Amino acid sequence: MFALIDGNNFYASCERVFRPSLNGRPLVVLSNNDGCAIARSEEAKALGVRMGAPLFKIAHLLDEAGLVAVSANFELYGDMSERLMSLAAGLGHRQEVYSIDECFVDLTGVRGDLTLRAQRLRARIAQWIGIPTCIGMGSTKTLAKLANHIAKNAERKPGSYPVEHAQVCHLGAVGVDAREALLGQTAIAEVWGVGPRLAAQLQAEGLHTALDLARANPVVVQRRWSVVLAKTALELSGTACLGLEDVTPDKQQLACTRSFGQPVHALPELIEAVNEFASRAAEKLRRQGSVAAQLMVFIRTSPFRRQDRQHSAHRSLALPVPTHDSTVLCEAASALVRHLYQPGHAYAKAGVMLMDLRPVGLEQGRLALEPALLPPSKPALMQAMDAINQRHGRGSLHVASTGATHPRAWGMKQARKTPAYTTRWAGLLVASA
DNA sequence: TCTGGGGTCCTAGGACCC
DNA sequence: TCTGGGGTCCTAGGACCC
């Protein structure tokens with residue numbers, strides 16, 4: 001048996017914990033650059049704000065409907081997530097943190113009334129952390145996901161599901177008929193692993209609900225679609241195909257990409273930006289304990305600005321010696337962006353991707369048969385830099401080629417940023433009588 | 001004027017090997 | 001006129017997830 005616990009409208013709920021005046025009001029959290037809505041309170045959903053809606057298209061609601069929009073504050077959400085996860089882990093013996101706002105818990109060996117335990121966990125999370133959650137349980141991960149969907153919608157959309165399943169839904173505790181009825185009420189597109197493309201194809205073949213897929217022959221499903229969808233069908237019918245992954249595997253590739261706050265025309269600024277991205281990616285790489293054997297840089301103009309001349313290009317470089325050294329990766333990124341850059345374009349976005357990752361220590365050396373194109377790695381310097389930044393905050397010590405003047409011309413737009421309430425002294429709330 | 005970021009897995013096809 | 005069989009690796013593209 002598995003449980004799936006997730007925070008409702010997670011980013012919006014995190015903001016509300018520290019600004020209770022936002023309760024009951026339509027609220028959206030914006031993506032980087034204050035571009036589009038990536039989280040919405042129930043009230044914002046009721047106003048018709050779509051997931052991913054660009055701010056400029058919903059800006060009229062700020063005045064007309066009292067909509068509040070805030071810039072994304074990932075430092076806050078990450079910290080709130082850690083607190084939520086540590087409580088949620090208590091529901092069973094093993095936990096898989098699946099994303100910033102949801103986790104699976106293996107309920108094997110957990111005794112007693114699971115529904116009751118789940119309800120108590122919800123209450124504890126609400127009291128200790130202030131985040132509303134929903135919990136779904138089922139004999140497979142896909143069924144736990146589906147139960148979570150039911151738990152969320154039984155309350156939000158009256159009539160969609162029986163209201164006794166609101167907030168906590170345990171598909172293992174209902175009879176076969178009731179379970180089939182619930183699956184029959186769930187549209188195929190809501191199933192975990194079925195995206196828009198597959199949903200359209202499945203519907204065209206007469207499969208409209210989760211129950212239809214659960215009853216489909218997995219051999220036929222695999223032949224017509226894929227082994228992935230066949231597993232989904234099996235999982236829906238109660239045969240577990242997916243296990244709990246409680247050890248997070250190292251990433252196979254790692255990226256840092258950003259849209260610019262303003263279009264970038266000049267090469268020096270572009271170099272600065274990709275150097276910054278390369279350093280950030282290198283930091284992530286060192287945290288994971290890996291080195292990269294390949295680096296890719298891309299730059300592109302905005303596809304939304306049809307009137308502009310478009311340019312989109314990428315280029316990668318095999319690193320002669322796999323590394324996680326910021327200075328080496330910055331040097332490589334600079335060389336690549338010089339190749340890619342074409343004057344006369346308004347660049348809107350750039351990024352650095354590190355690929356062909358492997359654990360530190362497994363790197364193969366290389367005979368020095370050719371002149372080195374890149375500087376040598378400086379492990380001691382990187383260690384010192386990470387230690388200083390750990391202690392004094394990110395960016396305290398950085399590679400000079402990432403730019404000395406702050407704020408950067410190409411930097412992110414974050415006009416509506418809320419304080420880092422839980423992770424910075426300056427963000428601490430002050431109580432007054 | 002203004003449109004996010006970061007991942008994974010699977011499959012098909014081509015290159016290449018013996 | 002006749003032209004094998006079987007395998008691996010890599011890449012690009014497509015689908016999905018949050």
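Everything numeric here is computed off the predicted structure, so don't read it as measured data. All values below were derived from every heavy atom in this structure, side-chain atoms included, with hydrogens, water molecules and symmetry-related copies excluded. Below, read A as the first sequence line, B as the second, and so on, with proteins coming before strands; counting in each chain starts at 1.
In this structure, A/L30 reaches neither bases nor backbone, as no heavy-atom distance under 4.0 Å exists between it and the strands shown. Among the heavy atoms of the strands lying under 4.0 Å from A/K145 are primed sugar atoms or P, OP1, OP2 only; no base atom is included.
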Output one letter per nucleotide in nucleotides 1-7 of chain B: B when a protein non-hydrogen atom lies under 4.0 Å from the base, S when only the sugar-phosphate is that close, - when neither is. SBBSSSS

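For the residue pair A/T423 / A/D79, no side-chain donor-acceptor distance below 3.5 Å is found, with atom types taken as modelled. Counting only N and O atoms by type, the side chains of A/E15 and A/Y77 include a donor and acceptor under 3.5 Å apart. Residues A/N9 and A/S41 have side chains that never bring a donor and an acceptor to within less than 3.5 angstrom of each other. Remark: the A/S259 side chain and the A/N33 side chain contain no N/O donor-acceptor pair separated by less than 3.5 Å. Of the N and O atoms on the side chains of A/T323 and A/S377, at least one donor lies less than 3.5 Å from an acceptor on the other residue.
Using a 4.5 Å heavy-atom threshold, the side chains of A/T422 and A/L76 count as touching.
For the P atoms, the distance linking C/dC18 with B/dT3 amounts to 26 Å, nearest Å.
Going from atom CZ of A/R224 over to atom C1' of B/dT11 covers 15 Å, rounded to whole Å. To the nearest angstrom, P of C/dG13 lies 15 Å from CZ of A/R197. At whole-Å resolution of the value, NE2 in A/H314 and C1' in C/dG13 are 12 Å apart. Note: CD (A/Q294) to C1' (C/dA12) measures 14 Å, nearest angstrom. Taking atom CE on A/M296 and atom P on C/dT11, their separation rounds to 13 Å, with Å as the unit. When the C1' atom of C/dC17 is taken as reference, atom CH2 of A/W192 falls 8 Å away, rounded to whole Å. As a whole-Å value, the separation of A/M85 CE from C/dC18 C1' is 11 Å. If you take CH2 of A/W225 and C1' of C/dG14, they are 16 Å apart, rounded to a whole angstrom.
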Could you go step by step and tell me if A/R258 and A/E276 meet the salt bridge (Lys or Arg N to Asp or Glu O under 4.0 Å) rule? CA-CA 10 Å; A/R258 290 281 179 281; A/E276 170 72 17; over 6 Å; no

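Ring to ring, A/W192 and A/F2 are not that close: their centroids are 6.0 angstrom or more apart.
In DNA chain B, runs of at least 3 stacked Watson-Crick or G-U pairs (N1-N3 plus N6-O4 or O6-N4, or N1-O2 plus O6-N3, all under 3.5 Å) give these stems: B:5-18 with C:5-18.
Taking OH from A/Y341 and NE2 from A/H311, the interatomic distance works out to 11.0 Å, rounded to the nearest 0.5 Å.
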